[in-house]
Every structure is written in structure tokens, then in C-alpha cells.
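Data block below; observations after.
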Amino acid sequence: MDTKNSGFDTKLIHAGDFHEEFGAAVVPIYQTSTFAFKNAQHGADLFAGKEKGYIYTRIGNPTIDALENKLAQLENGYRGVVMASGMSAVTTLYAALLKQGDHMISTGAVYGPSRAVMESIFADFGVESTYTDTSLIENIEKAIKPNTKLLYLETPANPTIQLTDIKKASELAHKHNILVCVDNTFSSPYLQRPLDLGADIVLHSLTKFINGHADIVGGALIAKDEQVYAKLRKTMTYMGGNMDPHQAYMVIRGVKTLSLRIEKAQENAQKIAEYLENHPKIEWIKYPGLKSFAQHELAKEQMSGFGSMISFGVKGGLKGGKILMDNVKLALLAVSLGGVETLIQHPASMTHAALSKEERLQADITDELVRFSVGIENVDDIIADLDQALEKI
Ligand code: LCS
């Protein structure tokens, strides 16, 4: 079915599907590493690009193609490339668009390893970077140099939930011929579509909301135009971070319920955030759906909902936070996010431990910050769980 002009939920179910000879209702798993050629000329024509078809799964596979086409339609992009992990998407992006002597500007509070890999491995290859508070557009402007080639934004950022104005940042970057990539992991295309706001590339850790069931790791890059897509595809194919067909099948299955899961999780998150905001043991809380959230207006402008990620600090700082994490029973004490189950974790000692304390503080990732990924359980049960654990502080 052609879903180009269909609504978002129809695309979730049907975009990327292809007609299969037995009439299977879902895209089958083509669990094969290689594809037989009809004859020697057919093989040569496939390699020369004279004929369309499949050669080898690192280069392309029908199940993987179906996922890439679905994601491209969800993000309103030209085409997607999926990979073994979100970090594989990050390193493929950097390798595709940056070479020795180039410079990248990025959000200070990005996911820890997205920064750590740039400042260690890519710095060793001669790539320069500046990490700054991109919520202030003037900081991006100040950081621009003649050799700046990429602006890498994460909004909402992990774990500070800080937002960057995608439209304004993209307008500024494009004046200087700088490409813009937005890590859209925290929102998913259901809540935010960066390409429509002016970005050139969208990045996802598919591990999170898009797959949504905490049972696979995966990543994706979706490009707005063919030229950038071709660079990403070539880099992924050469570097070899491809997704496995079974993994692609799992993501295709998981993403079908994205709208339903996000609606329920963010409804829960709003109630939990309001409960926490009024709790005497809570020192501060950041959730885009709260009127007290400094960028509440920007959230309303560039997102169609406030998501289900909450950050907060409790009385007693890190000590209090540890008591909370050790006493919750429903919420799993685990990293990752965006699944159907509620998770709690401590960024300074877990997801962002790869950064120095100085880098963390510069990005506002304080030691007491606790990150809460709200699931789709009954909200009363989640609140009761928090209530009994907060009592212990
Ligand atoms: N981008 C963001 C915003 C992320 O949160 C993560 C992982 C990645 C990229 C990398 O994706 P992965 O390779 O793990 O699929 N974030 C994690 C987190 O907050 N807890 O555990 C992993």
C-alpha cells in the first residue's frame, strides 16, 4: 500500500510493507547473509547498480529495507539507514560527515558516549569539537568557526531534558553551510519531526521509544536529501555496523504501537510530574509538561506532546537519591528508557559516567539528578511505588 499521503498511525502499521508471494500479513524475516544471483551477468549487474536487487545483508536486505522505508516516512525524510545500535548511528554520522581538520558543535548535555567518542576516538583522528549549551542560540553562533561542518543537537537532551530550538538553530547553521543532525530519541517522530523544522538528519537510538519493549538494541539515521543519505549509506556499509534482519523485524513489530504507547506514557508522566512537584521530599523537577519548566513554551511549539522522561533531585542530594533508587519496587533500577516498563537511574554514576565531573556540571548533570522513564503501567501504582520509597528518605 502507498502510505505517502496517509496519516501517522497508518504509516506506523503499513509504511515500508512490501508485497510478498504468500500474502504474509507482516514483513517476514529474511534471515540470510547472502542472496543467490540468477547467473554471472545478474551478479555483475547488481554490483554495477544496473539492476535493483539484493547482494549481501550488510549492503541490503528486504526486512531491513522495510524498516528503513518506514522510518523515513515517519520522519518525512528521503530514506533511512538502520544500524546495530544507536551508538553505531552516532559514529557512522561522525565518520560520514567529518574529516581531519573539521569542527563539530554539539549540545553539552548529550548522551554521555555520543560526546565521549567524539572527544576521544574522533579527536585522535583530528576532528575538533565544541560542547555548549545549545538552548541559547547565541552560544551556537559564538562556537561557529570556518571549519565547522556539523551541528549535532539532542533535544530534549539526556538527562537534563533541556530543549534546543531546532528551527532557529537550523536557520543559523544553514547560513554557514553547516549540516544539522538532531538526536530525536527522547521524542520519537510521534512527538517531534526535526526534518520538518529544518534539520538535515535525524538520529535515533531505536532501543528506546521506537522499538519500545526493551528487547533489542538498534539505531537509525534518516536523511532529508539523497546526497546526504548516500554518504551515510556508504559509510555504514564500509564500516559494517549494519542491523540484523531479526532485529529489524522486532523493531517493525514494536513501532506499530508507538502512538498508543507514547500517549499512555505521557499521560502517566504528566500526573507523576505533578505529584512529584508537590512532594516535600523533591527539591527540583524538570518535565516539559509542567508550567514551571523553563522551556514549556518552546516544548509546546516544537513538540506535539511532552513525552515521558522526567529528571529530578530529592532532599539529601545523591544520598537521598540512592535511598529512593534502592527502595522502589515497581520501577526497575536500570539504564535505557522509552520502554513500556518504568525505569529509574542515576546519570552521574551510570549513563554519563564516561564524562568528567567538570563536563557533567558544565552540562547541568548534577550528582543528585535522578532520571525517571515513565512506562505504561497503571499510574496509581507508579505513584504509590514512588510514595513508599520517598517516605524512606
Ligand atoms: N542517543 C541517546 C539520546 C541515547 O539516550 C542513547 C542511549 C544513544 C543515543 C545510544 O543508543 P544505543 O547505542 O544505546 O542504542 N541511551 C541510553 C541511556 O540513557 N541509558 O542507557 C542507554
Side-chain angles (χ1 to χ4, degrees), residues 67 71 75 80-95 104 106-118 121 131 134 152-164 166 181-189 191-192 194 199 201-222 236 239 241-244 247-248 250-251 254-255 286 288 303 307-311 325 331-339 341-355 360 363 365 369-375:
L67 175 59
L71 294 175
E75 288 284 8
V81 184
V82 294
M83 274 145 289
S85 68
M87 281 314 299
S88 181
V90 172
T91 55
T92 299
L93 173 86
Y94 295 166
M104 179 186 93
S106 184
T107 309
V110 274
Y111 173 57
S114 299
R115 177 169 182 171
V117 71
M118 173 52 67
I121 295 167
Y131 285 83
T134 53
Y152 180 76
L153 304 172
E154 194 178 288
T155 176
N158 182 0
T160 58
I161 327 285
Q162 191 174 49
L163 310 185
T164 297
I166 298 171
C181 177
V182 175
D183 184 334
N184 200 26
T185 298
F186 264 44
S187 294
S188 91
L191 297 180
Q192 175 173 274
I201 306 150
V202 171
L203 184 144
H204 279 286
S205 166
L206 300 174
T207 319
K208 313 293 162 19
F209 290 98
I210 291 193
N211 179 61
H213 294 75
D215 50 11
I216 63 98
V217 172
L221 291 165
I222 299 114
M236 188 285 284
M239 293 181 72
N242 65 283
M243 185 174 267
D244 179 81
Q247 212 180 344
M250 295 290 278
V251 183
V255 76
K286 285 182 188 162
M303 298 162 72
S308 50
M309 298 300 297
I310 304 175
S311 284
M325 287 185 278
L332 289 177
L333 176 54
V335 296
S336 201
L337 58 106
E341 55 285 296
T342 296
L343 305 178
I344 191 166
Q345 71 110 0
H346 178 237
S349 68
M350 297 172 188
T351 46
H352 292 69
L355 305 182
R360 283 199 301 270
I365 306 167
L369 189 155
V370 172
R371 195 188 73 185
F372 204 63
S373 173
V374 179

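Order of listing sets the numbers, starting from 1, for every ligand and every atom in it.
Between the side chain of Arg371 and the backbone N or O of Ile310, no donor-acceptor pair lies under 3.5 Å.
When non-hydrogen atoms are compared, ligand 1 lies under 4.0 Å from neither the backbone nor the side chain of Met350. The proximity of Gln345 to ligand 1, defined as any non-hydrogen pair under 4.0 Å, does not occur for either the backbone or the side chain. The side chain of Leu337, and not its backbone, has at least one atom closer than 4.0 Å to an atom of ligand 1 (non-hydrogen atoms only; side chain from C-beta on).
Judged by distance alone, the side chains of Gln162 and Thr155 never bring a donor and an acceptor atom under 3.5 Å apart. No side-chain N or O of Ser205 forms a donor-acceptor pair with one of Thr185 less than 3.5 Å apart. Using modelled atom types, one finds no donor on one side chain facing an acceptor on the other under 3.5 Å when comparing Glu341 with His213. There is no side-chain donor-acceptor pair under 3.5 Å between Glu154 and Asn184.
Ligand 1 is approached by Ser336 to a heavy-atom distance shorter than 4.0 Å.
For ligand 1, the polar-atom distance check against Ser114 finds no nitrogen or oxygen pair separated by under 3.5 Å.
Counting protein heavy atoms only, atom 22 (C) of ligand 1 is closest to Tyr111 OH, 3.5 Å. The protein atom (non-hydrogen) at minimum distance from atom 15 (O) of ligand 1 is Thr207 OG1, 2.7 Å. Looking at atom 16 (N) of ligand 1, its nearest protein heavy atom turns out to be Lys208 NZ, 3.0 Å. Regarding atom 12 (P) of ligand 1, its nearest protein heavy-atom neighbour is Gly86 N, 3.4 Å. Nearest non-hydrogen protein atom to atom 18 (C) of ligand 1 is Thr351 CG2, 3.4 Å. Here the heavy atom of the protein found nearest to atom 9 (C) of ligand 1 is Asp183 OD2, 3.6 Å. When only non-hydrogen protein atoms are considered, atom 5 (O) of ligand 1 lies nearest to Asn158 ND2, 2.9 Å. Protein heavy atom at the shortest distance from atom 13 (O) of ligand 1 is Met87 N, 2.8 Å.
Taking the ring centroids of Phe209 and Phe186, they lie at or beyond the 6.0 Å cut-off.
Residue Tyr131 comes nearest to Thr107 through the heavy atom pair CD2-O, 3.4 Å, listed as atom of the first residue, atom of the second, then distance. When all heavy atoms of Asn158 and Leu337 are compared, the pair lying nearest together is ND2-CD2, 4.2 Å.
Short contacts between ligand 1 and Gly218, defined as distances under 4.0 Å to a heavy atom of the residue, involve ligand atoms 15 (O). Numbered from 1 in the order shown, with element, the atoms of ligand 1 that lie under 4.0 Å from a heavy atom of Arg371 read 18 (C), 19 (O), 20 (N).
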